[in-house]
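Working notes, beginning with the structure itself.
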Amino acid sequence: MSDSFSEFKELFEYINQVFQAGKFPKFRTVLQSAASNIKNLRDVLVRKSLVKAENYNYDDELERSFYLPDQKFFTEMEAPRILYSRLNALITACDFQGDQVPETVYEIEDEYLENCRRMLDYFCFHTYSSSNAGINTRMLKLKTDALLNGNDEVLKKVTQDNLKLLTDTFHNIQNTVEEYTKVLKEYYKGRFRFEVFPNLPDKFTEKLFNEDSQEYLAKLDKFLETHESGIPYNKYWIAESVRECYTVEDLNLLERLKNQFLSEKQQQKVESKAKSPRERLISLIYKMVNTKDILETLYINLDFNLKILKSHPKGFFDQLKYVLMKMFNITSELEFFHVEYVHPQTKKIQKDTIKIVNFQTALKKKLAIFAEIRKPQSELHGKVNRGTQQSLMKFMDETYYNLLLTLERISGIDSEIRMNIPRTQKNRLRELSQEIELINNILVQVGNERKKFIFDAEHFAGGKK
């Protein structure tokens with residue numbers, strides 16, 4: 001069993017504990033609340049004779065299973081009786097789903113999630129005013145609108161509050177179902193990566209997948225029928241599972257799972273259980289390398305702003321100055337930026353003159369290096385994963401401080417651009433603050449973990465003496 005597979009299993013066990021401690025019990029309560037709120041709405045409608053109380057005769061088998069009558073069309077005359085029976089069916093369904101909430105993430109099933117989605121579509125309280133709602137929701141809305149447009153202020157307030165509660169509750173159900181679907185999907189993809197993909201015959205090549213994915217997947221379907229892993233062919237997730245095996249490194253996958261399902265505090269607990277100092281260092285390096293996409297967006301937006309600065313209409317004196325500089329071969333001042341910032345290592349104010357072409361070239365080189373490290377088959381990727389603890393520590397520190405310095409310089413350049421561009425052109429500039437903040441947040445996490453790593457290493461060394 002590979003180290004990555006072991007870490008995947010440990011990580012999912014921790015995710016499972018998080019779900020067991022909070023998410024599953026909370027979802028059970030949400031479903032119970034939904035049933036209670038629907039009962040309250042039904043009773044108000046019965047009191048005002050807008051729906052007709054009529055016990056629906058479920059047989060014993062249906063009472064022990066999930067059941068919602070078909071959303072067949074019905075007339076307004078039939079509405080009181082049918083709405084009552086269908087509201088009752090939804091109440092029973094909510095109670096049933098509440099009793100069947102999974103005990104572990106490994107027990108989340110497609111059928112359970114699909115039943116939750118059917119409930120959401122049966123009476124769409126989360127999109128109650130939507131014109132695309134089904135017959136049940138449209139007819140129920142006619143009844144509740146009659147209450148909201150009536151003269152009874154108390155009843156109107158009760159109905160408004162009840163519908164608000166149902167809207168919030170159904171949004172909660174929808175969000176939880178989406179989260180359960182994600183964890184089920186990631187567990188499937190992880191099991192495929194570690195239990196099936198390494199055992200695929202040589203004919204399953206990346207070249208075949210890229211050139212003829214249908215043929216690749218057809219062969220894979222047959223392979224999984226006879227493979228003893230117990231992992232079925234999932235037509236919705238299988239292509240993504242295969243693609244990620246070729247394009248996403250194990251460590252990147254594990255980082256994504258932590259970010260997706262665990263809070264920052266929970267991630268730190270998981271990180272503290274790393275098997276070795278090397279693995280902790282590699283994890284920190286990949287956290288920074290994975291800022292590549294955000295950094296690339298930052299580069300594109302900065303380049304766009306620079307082009308706006310260079311292309312804005314110039315007055316007579318600016319044009320004359322530009323012509324004279326051309327004549328005497330004087331470098332344009334737009335090629336240099338004078339920035340002032342706090343140096344991340346010395347913590348002192350530093351003034352720099354940055355040649356923008358060189359800065360952009362260095363930034364593109366950094367993006368290319370990050371992209372290569374993220375490729376599982378690349379030489380740089382292998383170099384990082386084979387590195388000694390000392391070399392990894394050096395690379396981590398250089399990357400960490402270089403990224404901090406890059407952000408400081410980008411902020412300084414952006415400020416200079418905004419100072420030197422006419423007010424009428426400023427609305428054309430792209431905002432860089434969101435990307436800067438996102439990378440800064442990641443670097444704060446890395447910085448905290450870096451300090452802890454250094455402290456643990458020094459403590460360990462002191463204990464050995």
**Asked** What distance separates Glu111 CD from Arg118 CZ, expressed to the nearest 0.5 Å?
**Response** 9.5 Å
**Prompt:** Under 3.5 Å, is there a donor-acceptor pair between the side chain of Gln20 and the main chain of Glu103?
**Reply:** yes
**Asked** Taking NZ, NE, NH1 and NH2 as the nitrogens, is one of them in Arg193 or Asp250 under 4.0 Å from a carboxylate oxygen of the other?
**Response** yes
**Prompt:** Mind checking whether Phe197 and Tyr246 have ring centres under 6.0 Å apart?
**Reply:** yes
**Asked** Any side-chain heavy atom of Phe359 sitting closer than 4.5 Å to one from Ile410?
**Response** yes
**Message:** For a 4.5 angstrom cut-off between non-hydrogen side-chain atoms, does Leu120 reach Phe125?
**Reply:** no
**Message:** What I'd like to find out is whether the side chain of Lys287 reaches to under 4.5 Å of the side chain of Glu449, using heavy atoms alone.
**Reply:** yes
**Asked** Could Asp221 and Lys235 be called an ion pair, given the rule that one side-chain N must be under 4.0 Å from one carboxylate O?
**Response** no
**Message:** Quiz question: by atom type and distance under 3.5 Å, do the side chains of Thr144 and Tyr128 form a donor-acceptor pair?
**Reply:** yes
**Prompt:** Ignoring hydrogens and geometry, is there a side-chain-to-backbone donor-acceptor pair from Tyr188 to Asn234 under 3.5 Å?
**Reply:** yes
**Prompt:** Does the distance from a Lys or Arg side-chain N to an Asp or Glu carboxylate O, for Lys189 and Glu186, drop under 4.0 Å?
**Reply:** yes
**Heavy-atom pair with the smallest gap, counting every atom of Leu11 and Leu254** = CD2-O, 3.7 Å
**Request:** Give, for atom CG of Leu184 and atom CG of Leu113, the distance between the pair rounded to the nearest 0.5 Å.
**Result:** 6.0 Å
**Prompt:** Is there a side-chain contact between Asn162 and Ile38 (heavy atoms, below 4.5 Å)?
**Reply:** no
**Complete:** Looking only at heavy atoms, the pair that brings Leu208 and Lys203 closest together is CD2-O, 3.6 Å
**Request:** Look up atom CG in Asp110 and atom CG in Asn115, then write down how far apart they are to the nearest 0.5 Å.
**Result:** 11.0 Å
**Asked** Just checking, is any N or O donor in the side chain of Thr388 or Gln390 under 3.5 Å from an acceptor N or O on the other one?
**Response** no
**Fill in**
Across all chains, not counting sequence neighbours, the side chain to side chain contact (heavy atoms under 4.5 Å, CB included) partners of His171 are His126, Thr167, Gln174
**Fill in**
Residue set satisfying side chain to side chain donor-acceptor pair (under 3.5 Å) with Glu114, at least two apart, ordered chain then number -> Arg117
**Message:** Please tell me whether Ser33 and Ser36 have a donor and an acceptor in their side chains that are separated by less than 3.5 angstrom.
**Reply:** no
**Message:** Strictly below 4.0 Å, N to O, side chains only: are Glu255 and Lys258 in salt-bridge contact?
**Reply:** yes
**Request:** Side-chain contact test, heavy atoms from C-beta onward, threshold under 4.5 Å: evaluate it for Leu429 versus Phe304 and give yes or no.
**Result:** no
**Request:** Return the minimal non-hydrogen interatomic distance between Lys164 and Asp168, and the atom names on each side.
**Result:** NZ-OD2, 2.7 Å
**Request:** Sequence neighbours left out, what passes side chain to side chain donor-acceptor pair (under 3.5 Å) with Lys383? Give chain and number order.
**Result:** none
**Asked** Taking the side chain as C-beta and beyond, is there a heavy-atom pair between Lys23 and Thr176 under 4.5 Å?
**Response** no
**Prompt:** Roughly how far, to the nearest 0.5 Å, is OG of Ser415 from CZ of Phe337?
**Reply:** 11.0 Å
**Request:** Could you tell me whether a side-chain N or O of Asn16 sits under 3.5 Å from a main-chain N or O of Phe12, the two making a donor and an acceptor?
**Result:** no
**Shortest non-hydrogen separation from Phe223 to Pro201 and the atoms involved** = CE1-CD, 3.7 Å
**Request:** With sequence neighbours left out, write down each residue that passes ring pair (Phe, Tyr, Trp, His ring centres under 6.0 Å) with Tyr106, or none if nothing qualifies.
**Result:** Tyr187
**Request:** Please step through side chain to side chain contact (heavy atoms under 4.5 Å, CB included) for the pair Cys116 and Phe27, ending with a clear verdict.
**Result:** CA-CA 11 Å; Cys116 287; Phe27 191 47; 4.2 Å; yes
**Message:** Checking the side chain of Thr137 only, and the main-chain atoms of Ala133 only, is there a donor and an acceptor separated by less than 3.5 Å?
**Reply:** no
**Request:** Sequence neighbours left out, what passes side chain to side chain donor-acceptor pair (under 3.5 Å) with Arg243? Give chain and number order.
**Result:** none
**Main-chain N/O of Ile354 paired to Asn358 side chain as donor or acceptor, under 3.5 Å** = no
**Request:** Please tell me if the side chains of Asp414 and Arg418 come closer than 4.5 Å, counting only heavy atoms from C-beta onward.
**Result:** yes
**Message:** With a 3.5 Å distance limit and no angle check, can you tell me whether Ser241 reaches the backbone of Phe192 through a side-chain donor-acceptor pair?
**Reply:** no
**Prompt:** Does any non-hydrogen side-chain atom of Leu200 lie less than 4.5 Å from one of Leu220?
**Reply:** yes
**Item:** Check against salt bridge (Lys or Arg N to Asp or Glu O under 4.0 Å), Arg386 and Glu379
**Value:** CA-CA 10 Å; Arg386 292 191 302 269; Glu379 185 180 340; over 6 Å; no
**Message:** Has Tyr180 got a side-chain atom pairing as donor or acceptor with Val105's backbone, closer than 3.5 angstrom?
**Reply:** no
**Prompt:** Is Glu215 paired with Lys219 through a side-chain N to carboxylate O contact shorter than 4.0 Å?
**Reply:** yes
**Message:** For Gln434, I'd like to know if atom CD has over 12 heavy atoms of other residues, nucleotides or ligands within 6.0 Å.
**Reply:** no
**Asked** More than 12 non-hydrogen atoms from neighbouring residues, nucleotides or ligands closer than 6.0 Å to CG on Asn427, yes or no?
**Response** yes
**Asked** Would Tyr233 and Leu217 satisfy side chain to side chain contact (heavy atoms under 4.5 Å, CB included), going step by step from the backbone distance to the final call?
**Response** CA-CA 9 Å; Tyr233 183 93; Leu217 295 177; 3.4 Å; yes
**Message:** Show me the pairs that pass side-chain hydrogen bond (donor to acceptor under 3.5 Å, both in side chains) and involve residues 288-301, at least two apart or across chains.
**Reply:** Asn252-Asn290, Lys292-Glu296, Asp293-Arg374, Asn301-Arg430
**Message:** Main chain of Gln97, side chain of Tyr112: is a donor-acceptor contact present, judged purely on distance under 3.5 Å?
**Reply:** yes
**Message:** What's the separation between atom OG1 in Thr169 and atom CG in Asn37, rounded to the nearest 0.5 Å?
**Reply:** 5.0 Å
**Message:** Looking at every heavy atom in both Arg450 and Tyr400, which two are closest together, and how far apart are they?
**Reply:** CD-CD2, 4.1 Å
**Message:** When you measure from the side chain of Arg278 to the backbone of Asn385, do you find a donor-acceptor pair of N or O atoms at a distance under 3.5 Å?
**Reply:** yes
**Request:** Find the distance between CG (Asp95) and CD (Gln100) and round it off to the nearest 0.5 Å.
**Result:** 11.5 Å
**Request:** Carefully, step by step, assess Ile373 and Tyr286 under the rule side chain to side chain contact (heavy atoms under 4.5 Å, CB included).
**Result:** CA-CA 8 Å; Ile373 292 174; Tyr286 274 102; 4.0 Å; yes
**Request:** State, to 0.1 Å, how close Ala34 and Leu166 come at their nearest heavy-atom pair, and which atoms those are.
**Result:** O-CD2, 4.1 Å
**Step-by-step side chain to side chain contact (heavy atoms under 4.5 Å, CB included) determination, Lys182 to Glu179** = CA-CA 5 Å; Lys182 285 177 185 175; Glu179 187 174 20; 5.6 Å; no
